[in-house]
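Notes for the one structure printed next.
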Amino acid sequence: MKTHAKSSSRGQTLLAQMRQIPVIVQGKLTVRRKGDKVTGYKLQRWLHGRNQTRHIPATMLDTVRKGTEGYDEFMNLAQQYVEVREEEALQGAADSKKKESTKP
């Protein structure tokens with residue numbers, strides 16, 4: 001039971017960390033070039049089964065960069081959250097098997 005409480009607390013901490021991410025933008029920010037000259041920036045991402053490319057104005061560059069970093073952080077935290085919840089589910093299954101095998 002203590003393991004469940006500990007993992008549940010860890011899960012709540014992860015959710016709180018996810019909520020604290022200020023900007024989340026899915027995709028990869030890349031530089032558009034013509035020869036050696038930078039002509040702009042674009043955001044590339046896979047959406048609805050297709051590659052989507054969007055021009056990013058220079059004024060939005062910092063926001064989009066922070067957003068893509070935020071997305072990476074969010075996905076890392078989400079993976080950790082899934083692992084915690086999976087551990088809870090499997091621990092529950094192991095606990096129920098122990099209870100079933102106990103003879104009166």
Side-chain angles (χ1 to χ4, degrees):
M1 195 66 139
K2 286 184 179 182
T3 303
H4 178 70
K6 184 179 177 182
S7 62
S8 181
S9 173
R10 176 73 177 134
Q12 293 304 312
T13 301
L14 290 166
L15 289 172
Q17 289 175 319
M18 284 185 241
R19 283 191 296 270
Q20 296 299 314
I21 300 171
V23 183
I24 298 175
V25 176
Q26 183 182 3
K28 179 181 177 182
L29 189 62
T30 57
V31 177
R32 292 174 32 194
R33 296 181 183 274
K34 189 170 191 173
D36 290 338
K37 185 179 177 187
V38 173
T39 60
Y41 301 89
K42 61 184 174 179
L43 178 67
Q44 294 178 290
R45 64 184 181 169
W46 194 255
L47 187 65
H48 306 298
R50 298 185 66 154
N51 184 31
Q52 182 185 59
T53 301
R54 180 176 177 179
H55 170 74
I56 302 299
T59 56
M60 295 292 300
L61 186 59
D62 286 338
T63 301
V64 173
R65 183 173 286 127
K66 287 177 186 172
T68 57
E69 291 168 1
Y71 177 80
D72 290 341
E73 181 182 354
F74 180 86
M75 294 306 290
N76 181 305
L77 292 168
Q79 180 60 45
Q80 291 177 52
Y81 181 75
V82 167
E83 290 168 6
V84 166
R85 295 303 308 263
E86 184 177 78
E87 182 181 313
E88 288 175 7
L90 296 176
Q91 183 65 39
D95 288 346
S96 69
K97 279 192 173 192
K98 286 179 187 176
K99 290 177 186 175
E100 288 173 11
S101 66
T102 306
K103 294 182 181 179

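Every heavy atom of this structure was used, including side-chain atoms; hydrogens, water molecules and symmetry mates were not. Worth saying up front: this structure is predicted, and the values here are computed from it rather than measured.
Evaluation of the side-chain contact (heavy atoms from CB on, under 4.5 Å) rule for Thr39 yields Arg32, Lys34 as partners, not counting sequence neighbours. Taking Gln52 as the reference, Arg45, Leu47 meet the side-chain contact (heavy atoms from CB on, under 4.5 Å) condition, with sequence neighbours excluded. With sequence neighbours excluded, no residue forms a side-chain contact (heavy atoms from CB on, under 4.5 Å) with His48. Scanning for side chain to side chain donor-acceptor pair (under 3.5 Å) contacts around Glu83 gives Gln79, with sequence neighbours left out.
Going from atom CD of Gln17 over to atom CZ of Phe74 covers 12.0 Å, rounded to the nearest 0.5 Å. Within the model, atoms CZ of Arg10 and CD of Glu88 stand 12.0 Å from one another, a figure rounded to the nearest 0.5 Å.
In the hydrophobic clustering of this structure, Leu61 groups with Leu43; members are Ile, Leu, Val, Met, Phe, Trp, Tyr whose side-chain heavy atoms approach within less than 4.5 Å, directly or through other members. Both Val31 and Met60 are members of a single hydrophobic cluster when ILVMFWY side chains are connected at heavy-atom separations under 4.5 Å.
A heavy-atom distance below 4.5 Å is not found between the side chains of Thr30 and Thr53.
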Identify all side-chain donor-acceptor contacts of residues 19-28 below 3.5 Å with residues at least two apart in sequence or on another chain.
none

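Residue Val84 is tested with Thr13, Leu15, Leu14 for a side-chain contact (heavy atoms from CB on, under 4.5 Å); the sole match is Leu14.
Within the structure, no pair that satisfies the side-chain hydrogen bond (donor to acceptor under 3.5 Å, both in side chains) test touches residues 61-73, not counting sequence neighbours.
The two residues Met18 and Tyr81 make their nearest non-hydrogen contact at CE-CB, 3.8 Å.
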